[in-house]
A.B. asks: 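Quick one: this structure, given as structure tokens, is what I'll be asking you about.
Computed from heavy atoms alone, side chains included, the values below leave out hydrogens, waters and symmetry copies.
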Amino acid sequence: MSEIRSINPYNGELIHSYKEHTSQEIESIIKQANDRFKQWRETSFSHRAECMMAAAAELKAGKEGYAKTISAEMGKPISQGIAEIEKCAWVCEYYASHAEEHLAEETVSTDAHSSYVRYEPIGIVLAVMPWNYPFWQVFRFAAPALMAGNIGLLKHASNVFGSALNIEKVFRKAGFPEHCFTTLKVSSDKVKAIIENPRVRAVTLTGSGPAGAAVAEVAGANIKKTVLELGGNNALIVMNDCEMEATLDTCVNARYQNTGQSCIAGKRLLVQEDIAGDFIPKLVERVKNLKWGDPMDKDTYIGTLAREDLAEELESQVQNSLAMGAKLETGGKRDGAFYQPTVVSNVTPEMPMFKEETFGPALSVTTFKTAQEAIELSNNSRYGLGVSVFSKNIEGLKKLIPQFDEGAVFINELVKSDPRLPFGGVKESGYGRELSKHGIREFTNRKTVYINK
């Protein structure tokens with residue numbers, strides 16, 4: 001039986017070794033989950049909501065401990081880890097309060113005496129989740145899935161198995177029956193067989209493009225529903241009439257929170273030429289003042305990257321862009337898995353920092369003359385997760401929204417997920433939606449009912 005090791009990226013120490021589930025154990029877990037589904041689907045919304053509200057309470061009560069595990073496993077500053085746990089409690093409360101109305105029968109007027117649409121659970125949903133938000137990515141799938149009457153099966157990233165098991169513990173302590181939500185301790189090479197298992201009805205994945213393509217290929221061959229939330233290369237478009245100080249603060253937060261390890265981070269800063277001389281130096285000064293260090297220190301804003309190879313990849317993207325003519329404004333140094341908060345200006349569309357997703361605390365800066373040029377630069381990406389635009393001219397920006405090839409447009413705000421709004425992308429950022437009524441309906445059978453006397 002093979003083992004999976006979890007290493008603290010800040011100090012290099014072994015956190016824990018986990019024995020992988022065997023093929024026989026996986027089959028047993030899936031069978032038990034399927035048996036549980038037959039009972040769970042018959043429970044009332046009020047009963048599910050009671051359990052989900054208890055999960056929210058458990059998250060709030062245990063947020064410090066859960067956040068410490070996150071920080072140890074993937075280097076997130078602990079204050080941000082606590083905020084992540086609190087957001088998970090919010091999504092639990094949201095679906096506990098709104099799932100029943102989101103899934104209410106919809107009457108449709110037809111030639112029938114009665115016709116309507118029912119939203120029914122489909123069964124076991126496999127979630128393949130990443131390490132960068134080890135709780136939030138899971139809860140934004142699990143809360144709606146369980147409230148809809150489905151069963152959750154989690155294959156988490158191998159470096160955050162402690163968090164995965166903590167999530168299972170949250171649901172167990174909240175009173176969810178056994179096998180409603182189960183963590184699979186398996187490596188990626190086991191995922192194909194799990195998807196192919198006939199009892200698994202659908203798959204949701206948050207992760208890289210290649211991982212999404214691999215999952216979609218297997219699921220497609222087995223005619224199973226998928227929702228994919230993949231990479232992003234979001235632009236931050238700063239117009240010359242922006243509220244400068246507020247825009248600077250938002251742009252720094254958009255790029256550097258979670259040490260820049262976020263699919264929805266603002267990675268490409270596009271600044272209108274006539275304010276660039278004022279905006280860029282102020283931005284650089286703010287980035288220089290970001291506190292970095294031990295993720296367990298509550299004052300730390302920039303922690304370590306989750307693995308040293310991720311820091312090496314970011315270093316390569318920055319260095320290759322500099323070799324092509326970009327200018328280093330601040331940062332640019334790596335020490336193991338730590339990478340300094342970095343700003344690189346004079347970045348052009350053919351450079352790695354513009355055309356590739358940079359997953360860490362490095363921001364590229366490009367200037368533009370007109371709004372139309374900014375839109376073209378923003379759309380010049382194989383990704384389409386979201387874009388932020390900063391301007392006082394709200395009505396003018398609203399007219400431009402249809403031109404952005406994105407899943408979300410945020411005006412005077414960073415792109416973020418909110419339980420009340422659908423979240424997802426277009427192009428190579430994936431398909432399907434999470435959160436809101438749109439997310440909870442993704443893994444339901446929209447059953448048409450047509451009745452004549």
A.B. asks: Apply side chain to side chain contact (heavy atoms under 4.5 Å, CB included) to the pair H113 and N452, showing each step before the final yes or no.
C.D. replies: CA-CA 5 Å; H113 169 71; N452 265 337; 4.2 Å; yes

A.B. asks: Relative to each other, are the rings of F171 and F176 parallel, tilted or perpendicular (30° and 60° limits)?
C.D. replies: perpendicular

A.B. asks: Quick one: which of H102, E101, E100 gives a side-chain hydrogen bond (donor to acceptor under 3.5 Å, both in side chains) with H98?
C.D. replies: E101

A.B. asks: Could you tell me whether a side-chain N or O of K185 sits under 3.5 Å from a main-chain N or O of I4, the two making a donor and an acceptor?
C.D. replies: no

A.B. asks: Would you say K291 has more than 12 foreign heavy atoms packed within less than 6.0 Å of its NZ?
C.D. replies: yes

A.B. asks: Using modelled atom types and a 3.5 Å cut-off, is there a donor and acceptor pairing between side-chain atoms of W40 and backbone atoms of P177?
C.D. replies: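 No.
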
A.B. asks: Take T183 and H156 through the side chain to side chain contact (heavy atoms under 4.5 Å, CB included) test and state the conclusion after the steps.
C.D. replies: CA-CA 8 Å; T183 287; H156 219 325; 5.6 Å; no

A.B. asks: Would you find more than 12 non-hydrogen atoms of other residues, nucleotides or ligands less than 6.0 Å from E196 atom CD?
C.D. replies: yes

A.B. asks: Would you call K298 and E64 a salt bridge, taking side-chain N to carboxylate O under 4.0 Å as the test?
C.D. replies: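 A salt bridge links K298 with E64.
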
A.B. asks: What's the spacing between T342 OG1 and L363 CG if we round to 0.5 Å?
C.D. replies: 9.5 Å

A.B. asks: Using a strict cut-off of less than 4.0 Å between a Lys/Arg side-chain nitrogen and an Asp/Glu carboxylate oxygen, indicate whether E312 and R307 qualify as a salt bridge.
C.D. replies: no

A.B. asks: Mind checking what makes side chain to side chain contact (heavy atoms under 4.5 Å, CB included) contact with E406, not counting sequence neighbours?
C.D. replies: S378, N379, V387, F404

A.B. asks: What do the steps show when you test F423 against E229 for side chain to side chain contact (heavy atoms under 4.5 Å, CB included), and what is the final call?
C.D. replies: CA-CA 9 Å; F423 179 81; E229 197 273 282; 3.7 Å; yes

A.B. asks: Can you confirm whether V409 sits close enough to L397 that some side-chain heavy atom of one is under 4.5 Å from a side-chain heavy atom of the other?
C.D. replies: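 Not touching, per the 4.5 Å side-chain cut-off.
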
A.B. asks: Which class fits the ring pair W131 and F359: parallel under 30°, tilted 30 to 60°, perpendicular over 60°?
C.D. replies: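 Aromatic pair W131/F359 classed perpendicular.
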
A.B. asks: Strictly distance-based, threshold 3.5 Å: is any side-chain N or O of S71 a donor or acceptor partner for the main-chain N or O of K76?
C.D. replies: yes

A.B. asks: Kindly check if the number of other-residue, nucleotide or ligand heavy atoms within 6.0 Å of CG (D335) is above 12?
C.D. replies: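 Open: at most 12 neighbouring heavy atoms sit under 6.0 Å from CG of D335.
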
A.B. asks: List the atom of I124, the atom of I30, and the distance in Å for their closest heavy-atom pair.
C.D. replies: CD1-O, 3.5 Å

A.B. asks: More than 12 heavy atoms of other residues, nucleotides or ligands under 6.0 Å from CD of E178: yes or no?
C.D. replies: no

A.B. asks: Just by distance, do the side chain of R48 and the backbone of A96 share a donor-acceptor pair under 3.5 Å?
C.D. replies: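 It does not hold such a pair.
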
A.B. asks: Taking atom types as modelled, is there a side-chain donor on E20 or S187 under 3.5 Å from an acceptor on the other?
C.D. replies: yes

A.B. asks: Just wondering, are more than 12 heavy atoms of other shown residues or ligands nearer than 6.0 Å to NZ in K225?
C.D. replies: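 Above 12, so yes.
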
A.B. asks: I'd like to know if the side chain of Y301 pairs up with that of N253 as donor and acceptor (distance under 3.5 Å, no hydrogens or angles considered).
C.D. replies: yes

A.B. asks: Please tell me if the side chains of K31 and N34 come closer than 4.5 Å, counting only heavy atoms from C-beta onward.
C.D. replies: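 They are not in side-chain contact.
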
A.B. asks: Show your reasoning for whether side chain to side chain contact (heavy atoms under 4.5 Å, CB included) applies to C88 and Y66.
C.D. replies: CA-CA 12 Å; C88 293; Y66 295 138; over 6 Å; no

A.B. asks: Given 3.5 Å as the limit, does a donor-acceptor pair link the side chain of K224 with the main chain of V200, or not?
C.D. replies: yes

A.B. asks: Does a salt bridge link R441 with E106, judged by any charged N lying under 4.0 Å from a carboxylate O?
C.D. replies: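 E106 and R441: salt-bridged.
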
A.B. asks: Could you verify whether a donor N or O on one side chain and an acceptor N or O on the other, from S163 and E73, lie under 3.5 Å apart?
C.D. replies: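 The answer is yes; a qualifying pair exists.
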
A.B. asks: Can a donor-acceptor pair be found between the side chains of T204 and R140 at a distance below 3.5 Å?
C.D. replies: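 Looking only at side-chain atoms, R140 and T204 do not form any donor-acceptor pair under 3.5 Å.
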
A.B. asks: Taking atom CH2 of W292 as the centre, does the number of heavy atoms from other residues, nucleotides or ligands within less than 6.0 Å exceed 12?
C.D. replies: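 Count not over threshold, so no.
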
A.B. asks: Output yes when a side-chain donor or acceptor of T300 lies under 3.5 Å from a complementary backbone atom of P295, and no otherwise.
C.D. replies: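 It does not hold such a pair.
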
A.B. asks: Do other residues, nucleotides or ligands put more than 12 heavy atoms under 6.0 Å from K190 NZ?
C.D. replies: yes

A.B. asks: May I ask you to decide if E25's main-chain N or O and T22's side chain share a donor-acceptor pair within less than 3.5 Å?
C.D. replies: yes

A.B. asks: Under the criterion salt bridge (Lys or Arg N to Asp or Glu O under 4.0 Å), I'd like the reasoning laid out for E217 against K192: C-alpha separation, chi angles, the key distance, then a yes or no.
C.D. replies: CA-CA 10 Å; E217 181 180 8; K192 181 176 183 291; over 6 Å; no

A.B. asks: Going by the angle between their ring planes, with limits at 30° and 60°, are F139 and F135 parallel, tilted or perpendicular?
C.D. replies: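 Aromatic pair F139/F135 classed parallel.
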
A.B. asks: Would you say CZ of R334 has more than 12 non-hydrogen atoms from neighbouring residues, nucleotides or ligands within 6.0 angstrom?
C.D. replies: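 Above 12, so yes.
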
A.B. asks: Could you tell me whether the side chain of S436 and the main chain of R420 form a donor-acceptor pair under 3.5 Å?
C.D. replies: no

A.B. asks: Under 3.5 Å, side chain of R201 to main-chain N/O of V125, donor-acceptor pair present?
C.D. replies: no

A.B. asks: Using modelled atom types and a 3.5 Å cut-off, is there a donor and acceptor pairing between side-chain atoms of S429 and backbone atoms of G231?
C.D. replies: yes

A.B. asks: Would you please say whether a donor-acceptor pair under 3.5 Å links the side chains of T226 and Y431?
C.D. replies: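 T226 vs Y431: donor-acceptor pair found between side chains.
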
A.B. asks: Can you tell me if S381 and K427 form a side-chain donor-acceptor pair at under 3.5 Å?
C.D. replies: no

